[in-house]
Every structure is written in structure tokens, then in C-alpha cells.
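Inspection log for the structure reproduced underneath, given as C-alpha cells.
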Amino acid sequence: MTTVLKIGGSLITDKSDSHTIDERMLDRVAAAIAGADPDAIVLVHGGGSFGHPVAAAHGITDRDIVCDPRAINAVVAAMTTLHETVLEVLTDAGVPAVSVPPRAIYRKRTDGTLEGSTETIAEILAAGFIPVLHGDVVVHDAAGFSVASGDGIALHLAGALEADRIGLCTGVAGVLDRDGKVIDRIERFGEVADAIDDPEGTDVTGGMARKVQTLLEMSTPATIFGIEQLDTFLAGNRPGTTVSRA
Ligand code: IP8
């Protein structure tokens with residue numbers, strides 16, 4: 001059984017403060033993964049207060065293309081700083097985590113979809129390791145670089161690896177309605193479009209609304225949940241919000 005788990009950047013960083021890791025939360029994530037028992041897990045983490053503010057400062061989003069190598073490398077540097085800490089905390093917790101840099105395998109087509117070979121990732125899994133990827137800047141068909149969100153990468157991986165489960169652990173307990181209640185199941189974006197709040201802090205990839213829209217394109221149902229439900233998800237359940245097109 002293959003599980004793709006996206007760890008939200010807003011969960012493991014403090015989005016109100018640039019370049020700040022939420023160490024307590026990252027420790028909790030690492031402990032949950034270390035204690036989990038699925039055969040194969042692929043992890044993807046978001047950019048939080050590292051990738052997003054730097055990308056925004058340089059005018060790079062998942063819809064804008066940038067050609068300035070200094071801008072591209074600034075985002076890479078910010079994401080690498082976060083990624084190295086994530087890897088360190090995971091391995092310290094006993095997780096056999098190994099880094100796979102997305103920009104080395106992915107390119108973005110003009111329609112915004114990602115293309116990349118996941119053979120190496122399958123081999124890393126088969127060797128008993130947990131590949132760890134992250135939201136990144138990737139080369140774009142329009143001859144520049146653009147942001148590839150961790151969600152987009154997680155979804156591509158779930159399809160390419162024929163994953164059985166895909167989970168998104170976020171800073172909230174699921175997709176919340178205007179009263180702050182977790183929406184149990186979403187089958188069409190129109191059902192919830194008015195209820196979903198804008199993201200807090202800088203976000204160059206669209207926040208929860210875009211997350212739900214992207215997940216609705218998948219044939220595999222996805223689960224969005226918070227840190228309190230991470231153990232439950234890893235034990236094979238579907239806490240929080242299930243997003244599954246009708
Ligand atoms: O936080 C964005 O990834 P996300 C990564 O998963 C960058 O949307 C480079 C801002």
C-alpha cells in the first residue's frame with residue numbers, strides 16, 4: 001500500500017513570521033510518521049514562511065514565470081533551508097527519509113500540469129526509504145521557471161505511483177465552512193466555493209480553495225485533516241474532509 005502524504009507548510013512553519021519553523025509541530029509530524037506502519041510513504045512538504053514570502057518578493061507564483069536566475073535561486077535557497085531541517089528532524093525521529101529535489105525531475109507544461117519521471121522515486125521506496133519532496137520552482141515550457149506547489153507534486157506522485165491513499169495534513173482540521181465547522185465531504189467545488197476562506201499569510205499557490213480544486217481533478221479520493229488526526233490517517237482512516245469527485 002502506497003501513501004502520499006503532503007505536510008502543509010503552514011503547519012510546520014509560522015506563516016506570520018518569515019523563515020520560522022514551528023519546531024513543536026515538526027516534531028509531532030516526525031513522531032507520527034516514525035510510528036506509522038504503511039508499507040510505503042512518500043512525503044511532500046510545502047513552503048510555509050520560507051518559500052512563499054521569497055517567491056512573492058520575486059514575483060514568482062504558480063501562474064507567473066520568471067527568468068531571473070537570482071530570483072529562481074533565492075526561492076531554491078529558502079526551500080532548501082526548510083527542507084534540510086525537515087530531513088534532520090525526520091531522520092532524528094528514526095524515519096528513513098531521503099531528499100528528492102523536485103526541480104531535478106519535474107517540468108511544468110503550459111496548461112499548468114506537471115510532467116516528470118517517478119521511476120527513481122519508486123526505486124527509493126522499493127529500497128525501504130521514504131522519499132521527501134517539497135514545493136519548488138521548476139522549469140516551465142514557456143522558457144522560465146514557475147512555482148510547483150507541494151499539492152501539485154503530491155497529486156502527480158499519487159497518480160504516477162498509483163498510490164492507494166493521499167492525505168494532506170494542514171494547519172486546520174479539514175476544510176472549514178464559514179462557521180468553522182469541518183466539511184465532511186466535498187464532491188464539487190461549487191458546493192463550497194463561498195465557504196472557503198482565503199489563506200492566511202503570503203501564499204503564492206492559492207491556499208485551500210486551489211487545494212480543493214486540484215484534488216477534485218484526481219480519481220483517488222484525498223483526505224484533508226489537521227495534526228490531531230495525523231495518527232488516525234496513517235492508521236488507515238479518513239479523518240477531516242474527504243475530497244472526491246462525484
Ligand atoms: O506550500 C510552494 O509549495 P506549497 C513552494 O505546497 C514555494 O504551495 C516554492 C513557494
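We count ligands from 1, going down the list as the structure has it; atoms in each ligand are counted the same way. Position 1 is the first residue of the sequence, and the numbers go up from there.
- When each of I41, I124, I121 is tested with F129 by the rule side chain to side chain contact (heavy atoms under 4.5 Å, CB included), just one qualifies, namely I124.
- For ligand 1, the atoms closer than 4.0 angstrom to any heavy atom of S149 are 3 (O), 6 (O), 8 (O).
- One side chain, D111 or T113, offers a donor N or O that lies under 3.5 Å from an acceptor on the other.
- Of all protein heavy atoms, the one closest to atom 8 (O) of ligand 1 is T205 OG1, 2.5 Å.
- Listed by number with element, the atoms of ligand 1 under 4.0 Å from a non-hydrogen atom of G135 are 3 (O), 5 (C).
- Protein heavy atom at the shortest distance from atom 6 (O) of ligand 1 is G150 N, 2.7 Å.
- Between the side chains of T81 and H19, not a single donor N or O lies within less than 3.5 Å of an accepting N or O.
- Of the charged side-chain nitrogens involved, at least one lies within less than 4.0 Å of a carboxylate oxygen, so that R210 and D62 count as a salt-bridged pair.
- At least one heavy atom of K6 lies less than 4.0 angstrom from ligand 1.
- The nearest protein atom to atom 2 (C) of ligand 1, hydrogens excluded, is given as H52 NE2, 3.6 Å; this is a heavy-atom distance.
- Less than 4.0 angstrom separates some heavy atom of G47 from each of these atoms of ligand 1: 1 (O), 3 (O), 4 (P).
- Judged purely by atom type and a 3.5 angstrom limit, T241 uses its side chain to pair as donor or acceptor with the backbone of I183.
- Shortest contact from atom 10 (C) of ligand 1 to any protein heavy atom: G51 C, 3.5 Å.
- Atoms of ligand 1 lying under 4.0 Å from at least one heavy atom of G46, given by number and element, are 1 (O), 4 (P), 6 (O).
- At least one heavy atom of V75 sits less than 4.0 Å from an atom of ligand 1.
- Between V147 and ligand 1, not a single N/O pair is under 3.5 Å apart.
- Only side-chain heavy atoms of V204 come within less than 4.0 Å of ligand 1; its backbone N, CA, C and O stay farther off.
- Side-chain N or O atoms of T91 include none that pairs as donor or acceptor with a backbone N or O of A97 at under 3.5 Å.
- With salt bridges taken as basic N to acidic carboxylate O contacts below 4.0 Å, one links D203 and K15.
- Counting only distance, with no hydrogens or angles, the side chain of R165 and the backbone of N237 share a donor-acceptor pair below 3.5 Å.
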